[in-house]
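Every heavy atom of this structure was used, including side-chain atoms; hydrogens, water molecules and symmetry mates were not. For reference, positions follow the sequence shown, starting with 1.
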Amino acid sequence: MKTSNKLKIFNDPIYGFIRIPNTLVFDLIADPYFQRLRRISQMGLSYLVYPGAHHTRFHHALGCMYLMQKSIQVLRFKGVEITESESDGLLGAILLHDIGHGPFSHAMEHSIVEGVSHEFISLQFMEELNERFNGSLTEAISIFTGKHPKKFLNQLVSSQLDMDRLDYLKRDSFYTGVAEGNTNAERLITMLNVVDGNLVIEEKGIYSVEKFLMARRFMYWQVYLHKTGVVAEQLLISILKRARFLIKSGTTLNCSKALLYFLSQNIDKSNFDRLTLSKFAKLDDVDIMAALKEWQYADDFVLSTLCEMILNRKLLQIKLKKEPINETKFKNKFNKIRKHYKLTDEETSYFVFTGELKNKAYDREHQNINILRKNGKITDVAKLSDHFNLNALSKTVTKYYMCYPKEAV
């Protein structure tokens, strides 16, 4: 790669100085597709619970790249062969792994596109960039899609202990102020090794792995699935669903051209083409917030009320239970709200609804975390650990919730 006088360093509050290793990485970061991530919040509407949670996908992607540089260094030091081309592939894959996220991250996958995951959109962006960068992302795409013959390269980008998870737990813990979620990412990376082509953690890193899994469970229930954050995200999904319904019924709603395109079309995988990708690239958090500010004055009671709820943080009540919500209680609440606000059943369903939250901190069935023991044997961390909670962490925990307005209950 030719050297240039371009900016080589970012100052990150978590890791300090992050160095840009080469021109390809610099040019990827400088691309408008990547710069858009500065306008996509990493944690959606979690700032309504944790006021500091305003960091972006841009921060996170750079942090992941930094951790990947560290991992490459550690593994090469231990004699694991990673060629320059593979190193570029790893950095490209981790840098772009979240480029397909829509505004406010996960809420969009359920509202502006139908059954199109952010991973699918990330791949579309990467393929488009690969053409623009003369095929220099081919190896990155092979790693991102999990198809690279060297399995450990794929695992560094996507596994139970990948650079993505290591960064977001540490970063989200920092910005929310939830200290229990903090993990020692550098310590875990120092313990990485490769055996039979697979990523393993050396035995002396077992306590760091335990802490990582506990921190992950903690962050999910206390932060990512915090009941207030859940309500806010459901309200945002409902707002976009209502706006789509009104637009298709012939109502004129003011919003950005990009947002209007997605609300007036039915976009799924079959018709997510280059034009759609270029429209998607113009969407970010600003479009959504501007729409909410506009729509709070809409004539439609449902839309205006939902927008005011988010803007003024006057959210719905949420009751969280370990058992499914009692049908009779739900119907009573539903009918009460419907009568109070003189709504139809369909309109009431925006304000009174149920749902469930699931979390599994350690998904052993999907891909386990293997520990390299001193005698050379490989053992699953849950079998080796003396921590009684680790087996419990591999079970799915389900919680049920009901949401309804605070007044008139």
Side-chain angles (χ1 to χ4, degrees), residues 64-83 85-87 89-91 93-94 97 119 139-140 142-170 181-220 359-397:
C64 290
M65 183 193 72
Y66 169 83
L67 293 181
M68 188 63 84
Q69 286 174 290
K70 289 274 175 206
S71 301
I72 293 166
Q73 231 174 348
V74 164
L75 291 173
R76 279 177 170 168
F77 179 75
K78 291 180 183 177
V80 177
E81 192 206 5
I82 300 173
T83 66
S85 156
E86 286 163 357
S87 169
L90 282 170
L91 295 176
I94 201 68
H97 79 282
E119 290 93 349
E139 196 138 24
S142 150
I143 293 169
F144 177 77
T145 51
K147 291 174 183 160
H148 197 284
K150 281 191 178 177
K151 270 194 190 165
F152 76 91
L153 299 179
N154 308 330
Q155 289 161 357
L156 282 166
V157 172
S158 178
S159 66
Q160 291 283 297
L161 200 61
D162 56 34
M163 299 307 113
D164 174 32
R165 290 183 185 192
L166 286 182
D167 181 79
Y168 76 63
L169 285 176
K170 198 170 175 65
N182 191 11
T183 56
N184 193 340
E186 282 93 338
R187 163 90 178 150
L188 277 163
I189 286 170
T190 308
M191 296 298 130
L192 286 177
N193 212 327
V194 174
V195 175
D196 298 332
N198 286 298
L199 210 56
V200 295
I201 294 279
E202 290 162 3
E203 189 168 2
K204 54 187 179 231
I206 189 164
Y207 297 117
S208 301
V209 175
E210 287 177 359
K211 184 169 186 303
F212 163 79
L213 291 171
M214 292 302 290
R216 192 161 185 267
R217 174 184 175 269
F218 208 92
M219 287 294 284
Y220 266 87
N359 178 242
K360 188 192 283 190
Y362 178 34
D363 191 355
R364 286 166 74 180
E365 294 154 33
H366 176 245
Q367 194 177 51
N368 58 347
I369 297 173
N370 283 322
I371 303 293
L372 171 62
R373 296 167 69 179
K374 290 189 177 73
N375 61 10
K377 287 185 178 168
I378 305 289
T379 311
D380 182 305
V381 65
K383 287 181 183 158
L384 199 57
S385 169
D386 54 9
H387 200 308
F388 63 92
N389 272 336
L390 229 49
N391 271 317
L393 291 184
S394 53
K395 293 182 173 66
T396 301
V397 178

Minimum side-chain heavy-atom gap L199-V194 below 4.5 Å: yes
Closest heavy-atom pair and its distance - F152, E81: CZ-O, 4.0 Å
Atom of R165, atom of F212 and distance for their closest heavy-atom approach: CB-CZ, 4.0 Å
Min side-chain heavy-atom separation V157-D162 under 4.5 Å: no
Within-4.5 Å side-chain heavy-atom neighbours: N198 and N370: no
Nearest heavy atoms of R76 and T83, plus distance in Å: NH2-O, 3.4 Å
Under the salt bridge (Lys or Arg N to Asp or Glu O under 4.0 Å) test, residues paired with E86 that sit two or more places apart: K150
I189 side chain near M163 side chain, heavy-atom distance below 4.5 Å: yes
Residues in salt bridge (Lys or Arg N to Asp or Glu O under 4.0 Å) contact with E202, at least two apart in sequence or another chain: K78
Where I82 and L90 come nearest, the two heavy atoms and their spacing: CG2-CD1, 4.4 Å
Check: I369 main-chain N/O paired with Y362 side-chain donor or acceptor under 3.5 Å: yes
By side chain to side chain donor-acceptor pair (under 3.5 Å) - contacts of D164 (at least two apart): H60, H97
Set of side chain to side chain contact (heavy atoms under 4.5 Å, CB included) partners for N182, sequence neighbours left out: K170, S173
Donor-acceptor under 3.5 Å (S158 side chain, Q155 main chain): no
ring-ring contact (aromatic ring centres under 6.0 Å, His included) against Y168, all qualifying residues, sequence neighbours excluded: Y224
Separation of M191 CE from N193 CG (nearest 0.5 Å): 10.5 Å
Counterpart residues, side chain to side chain donor-acceptor pair (under 3.5 Å), relative to N184 (two or more places apart): none
Atom of A215, atom of G181 and distance for their closest heavy-atom approach: CB-O, 3.7 Å
S71 side, atom OG; L153 side, atom CG - distance, nearest 0.5 Å: 11.5 Å
Those residues that, when tested against F218, pass side chain to side chain contact (heavy atoms under 4.5 Å, CB included) (two or more places apart): V178, E180, Q222
M214 side, atom CE; R217 side, atom CZ - distance, nearest 0.5 Å: 5.5 Å
Side chains of L192 and I201 in contact at under 4.5 Å (non-hydrogen atoms): yes
Side chain to side chain contact (heavy atoms under 4.5 Å, CB included) assessment of V200 paired with I378: CA-CA 8 Å; V200 295; I378 305 289; 3.9 Å; yes
Interatomic distance, I206 atom CD1 to K204 atom NZ [nearest 0.5 angstrom]: 13.5 Å
Side chains of L75 and L156 in contact at under 4.5 Å (non-hydrogen atoms): yes
Approximate separation, where rounding is to 0.5 Å, of E203 CD and T379 OG1: 8.0 Å
Over 12 foreign heavy atoms within 6.0 Å of NZ, K151: no
R216 side chain vs L169 backbone, donor-acceptor pair below 3.5 Å: no
Residue pairs, two or more places apart or on separate chains, that pass salt bridge (Lys or Arg N to Asp or Glu O under 4.0 Å) and touch residues 367-378: none
Set of side chain to side chain contact (heavy atoms under 4.5 Å, CB included) partners for N154, sequence neighbours left out: I143, H148
Rounded distance [0.5 Å steps], CG in N368 versus OG in S159: 10.5 Å
